[in-house]
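Below is one structure, written out as structure tokens; the observations come after it.
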Amino acid sequence: MKRIRLDGMFFACLALNLLMNAEWLLPAAVLLVLHFLIGLALKWALLALLLWPAVVLLKMWILGKLIAAGKTEDPPKENKNPYSVGKK
């Protein structure tokens with residue numbers, strides 16, 4: 001099993017992904033505004049704010065697994081072309 005290398009690029013990639021997925025902050029901002037306007041519980045805004053990096057981390061983990069699965073080498077296949085096989 002391969003070890004995950006945390007050579008500093010993980011956190012840079014995470015920061016870039018958080019910036020690119022900043023639209024996930026909109027529900028937290030709306031819930032925070034609703035907290036001040038109608039007295040909605042603040043825990044919903046905090047939950048939406050904590051869900052943002054969790055979703056980004058989950059997406060990064062899934063994509064990392066998919067990329068790692070795509071890097072596996074295929075086993076050598078038998079050559080079935082009769083013209084490219086040497087004569088016996």
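Taking both residues in full, the closest heavy atoms of C13 and M60 are given as SG-CE, 4.0 Å, listed atom of the first, atom of the second, then distance. Summarising the geometry of K59 relative to N21, their closest heavy-atom pair is NZ-OD1, 3.6 Å, with the distance given to 0.1 Å. A pairwise comparison of heavy atoms in N79 and N81 identifies OD1-N, 3.1 Å as the closest pair. Closest heavy-atom contact between W52 and L18: CZ2-O, 3.1 Å. Listed here is the closest heavy atom pair of P27 and A48: C-CB, 4.4 Å.
The hydrophobic cluster containing L37 also contains V30, counting ILVMFWY residues as joined when their side-chain heavy atoms lie under 4.5 angstrom apart, directly or transitively. L25 and L47 fall into different hydrophobic clusters, where Ile, Leu, Val, Met, Phe, Trp and Tyr residues are linked whenever their side-chain heavy atoms come under 4.5 Å apart, directly or through other members. Under the 4.5 Å side-chain heavy-atom criterion for ILVMFWY residues, no single connected hydrophobic cluster contains both M9 and L16.
For the atom pair CG (L42) and CG (L49), the distance works out to 10.0 Å, reported to the nearest 0.5 Å. To the nearest 0.5 Å, the span separating CG on L58 from CG on L51 amounts to 10.0 Å. One finds the CG atom of L14 at 9.5 Å from the CG atom of L19 (value rounded to the nearest 0.5 Å).
Partner W44 forms a side chain to side chain contact (heavy atoms under 4.5 Å, CB included) with one of L31, L32, L34 and no other, that one being L31.
For the pair V55/W24, a side-chain contact is recorded, criterion being any heavy-atom separation below 4.5 Å from C-beta on.
Checked by atom type and distance alone, the side chain of H35 pairs as donor or acceptor with a backbone atom of L40 at under 3.5 Å.
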